[in-house]
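Accompanying notes for the structure given below.
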Amino acid sequence: MTKKHKFLRFLGVLLVALLILLPIWQSHQMSYTDDIQVPQSKTATVFVPGYRGNWISFGGMIYRLNHQGIATKALVAHVAKDGQVTFDQKAKVAANNPMVQVLFKDNRHEHKQAQQLQGVLKALKTKYHITQVNLVGHSTGGNIVFDYLTNPKLRNSDVPTTVKFVNIATTFPGDAHKGKYLPKNLQVLNIAGDIWHAGTDGGVPLQQDLALGDIVRPYVARYQEQIVEGSPLTVYHSLLHENGRVDLIISDFLFRIDKF
């Protein structure tokens with residue numbers, strides 16, 4: 001057997017193993033939210049991916065929350081390089097905790113994306129009559145959301161009111177004085193990963209992530225932080241949004257008014 005044939009055989013075995021293990025792994029992640037029941041509302045939850053983020057970035061979390069009946073995958077917002085927004089509707093946008101996945105064509109320039117995020121939110125209000133939103137950002141997606149929220153010119157009467165902001169694994173260098181521009185009634189949840197108590201998620205140092213508290217706590221209605229501990233397979237920087245415990249933490253914060 002040639003090296004090429006051996007390599008192809010190895011890939012085949014690996015693919016079969018993944019096909020067998022992936023459903024088992026996904027089922028385990030969903031088990032964290034098996035017993036959760038939440039009220040339903042028309043407040044939309046908008047997911048913003050990080051640097052070079054795509055449909056995979058929040059696709060798993062949205063799938064799990066939709067499958068568990070916690071929220072509904074309602075819309076995918078496609079943002080062209082010029083900021084033009086088009087929607088791919090997956091379900092009725094109603095009082096069913098609708099979720100909106102944002103996909104930027106230009107996904108490498110966070111300040112530009114913050115301005116384009118306003119276009120998405122404006123379109124949600126105009127086309128779907130959404131008046132309140134929650135914003136969830138992972139990595140640089142958290143910076144995009146933060147840039148949007150700390151720019152009063154972007155948060156005008158044309159966009160929905162942001163009720164809650166979930167930040168996952170993000171640092172905010174140079175933003176120490178921008179917290180004063182945040183909406184006063186905003187509620188913030190900051191999630192950080194810690195691999196084996198090493199003080200990092202493998203991409204973001206724990207203390208740099210938690211520094212968000214010093215920036216926002218004096219200016220918002222509520223600030224909470226959650227440290228998720230575990231192995232690299234569960235809390236590595238790019239895997240935090242695939243962690244079932246993170247699903248549960250976010251669901252509690254966004255949808256269960258009796259928690260946090």
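If you read the sequence from its start, that first residue is 1, and numbering goes on from there. In this text, all values refer to a predicted model and were calculated from it rather than measured experimentally.
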| message | The test is side-chain hydrogen bond (donor to acceptor under 3.5 Å, both in side chains); show your working for H237 and S139 and say whether it passes. | response | CA-CA 8 Å; H237 181 74; S139 194; 3.0 Å; yes

Nearest heavy-atom approach of G202 to T200 is N-OG1, 3.0 Å

* Any chain of hydrophobic side-chain contacts (each under 4.5 Å) joining V163 to L186? -> no

| said: Side chains of W196 and P232, heavy atoms from C-beta outward: is any pair under 4.5 Å? | reply: yes

Requested in this report: Please examine the side chains of D247 and Y32, heavy atoms only from C-beta on, and report whether any two atoms are closer than 4.5 Å.
Outcome: no

Residue set satisfying side-chain hydrogen bond (donor to acceptor under 3.5 Å, both in side chains) with D106, at least two apart, ordered chain then number -> H109, K112

- Just wondering, are more than 12 heavy atoms of other shown residues or ligands nearer than 6.0 Å to CG in D35? no

Which of D194, T234, I195 passes side chain to side chain contact (heavy atoms under 4.5 Å, CB included) with E229? Answer is D194

### Task
Go through the steps for L124 and V46 under the test side-chain contact (heavy atoms from CB on, under 4.5 Å), then give the verdict.
CA-CA 10 Å; L124 286 176; V46 180; 3.9 Å; yes

ask   = Within the side chain of S231, is there an N or O that forms a donor-acceptor pair under 3.5 Å with the backbone of L233?
value = yes

F47 with L121, same ILVMFWY side-chain cluster at under 4.5 Å
no

- Could you tell me whether the side chain of I36 reaches within less than 4.5 Å of the side chain of D252, counting heavy atoms only? yes

Notebook entry, point to check: Is the closest side-chain heavy-atom distance between L154 and V159 below 4.5 Å?
Noted result: no

**Item:** Single-linkage hydrophobic cluster, 4.5 Å side-chain cutoff, I250 and V235 together
**Value:** yes

With a cut-off of 6.0 Å (strictly less than), are more than 12 heavy atoms of other residues, nucleotides or ligands near NZ of K153?
no

Item to check | Aromatic plane relationship, H138 with F58 - under 30° parallel, 30 to 60° tilted, over 60° perpendicular | outcome: perpendicular

Rounded to the nearest 0.5 angstrom, the CG-CD1 distance for D175 and I215 is 6.0 Å

Sequence neighbours excluded, the answer for salt bridge (Lys or Arg N to Asp or Glu O under 4.0 Å) partners of D147 is K178

| message | Looking at N190 and D209, would you say the former's side chain and the latter's main chain have a donor-acceptor pair under 3.5 Å? | response | yes

In terms of heavy-atom contacts, I144 and P49 come closest through CD1-O, 4.0 Å

Here the pair of heavy atoms bringing I249 nearest to V228 is CD1-CG2, 3.9 Å

**Study point:** Backbone N/O of W55 and side chain of S57: donor-acceptor pair under 3.5 Å
**Key:** no

- Query: Should we say atom CG of N54 is surrounded by more than 12 heavy atoms from elsewhere, each under 6.0 Å from it?
  - Reply: yes

In this structure, CZ of R108 is separated from CD of E110 (nearest 0.5 Å) by 14.0 Å

CG (N134) and CD (Q187) are apart, to the nearest 0.5 Å, by 9.0 Å

Distance col, row M30:CE vs L65:CG, nearest 0.5 angstrom, shows 10.5 Å

Minimal heavy-atom distance between K90 and D88, with the atoms involved, is NZ-OD2, 2.9 Å

dist Q118:CD -> Q113:CD (nearest 0.5 Å) comes out at 14.5 Å

Legend entry - 4.5 Å side-chain heavy-atom contact, F165 and L182: no

Legend entry - Candidate pair V48 and Y148, rule side-chain contact (heavy atoms from CB on, under 4.5 Å), full reasoning: CA-CA 12 Å; V48 182; Y148 164 76; over 6 Å; no

Answer with yes or no whether the hydrophobic clustering places V102 together with I56; edges join I, L, V, M, F, W, Y residues whose side-chain heavy atoms lie under 4.5 Å apart.
no

#### Entry: Stepwise side-chain contact (heavy atoms from CB on, under 4.5 Å) test for Q116 and K105
CA-CA 11 Å; Q116 293 180 338; K105 186 67 174 178; over 6 Å; no

Looking at side-chain heavy atoms only, is the closest gap between N167 and F146 below 4.5 Å?
no

In terms of heavy-atom contacts, L149 and R155 come closest through O-NE, 2.6 Å

Taking the side chain as everything from C-beta on, heavy atoms only, tell me whether L75 gets closer than 4.5 Å to Y128. yes

Do K125 and D158 have side chains that approach each other closer than 4.5 Å (heavy atoms only, starting at C-beta)? no

Cation-aromatic face contact K164/F253, 6.0 Å, 45 degrees
yes

Taking every heavy atom of F255 against every heavy atom of N97, the minimum-distance pair comes out as CD2-ND2, 3.6 Å

Hydrophobic cluster membership, L240 vs L254, 4.5 Å side-chain cutoff: yes

_Let's go through R64 and T33 carefully: what are the C-alpha distance in whole Å and the side-chain angles of both, what is the deciding distance for side-chain contact (heavy atoms from CB on, under 4.5 Å) to 0.1 Å, and is it a yes or a no?_
CA-CA 9 Å; R64 293 188 297 275; T33 53; 5.9 Å; no

When rounded to the nearest 0.5 Å, the distance separating OH of Y181 from CG of N151 is 10.0 Å

Keeping the roles fixed (side chain from E225, backbone from A192), state whether a donor-acceptor pair exists under 3.5 Å.
-> no

Using a 4.5 Å side-chain heavy-atom cut-off and chaining through intermediate ILVMFWY residues, the residues clustered with L210 come out as L206, I227

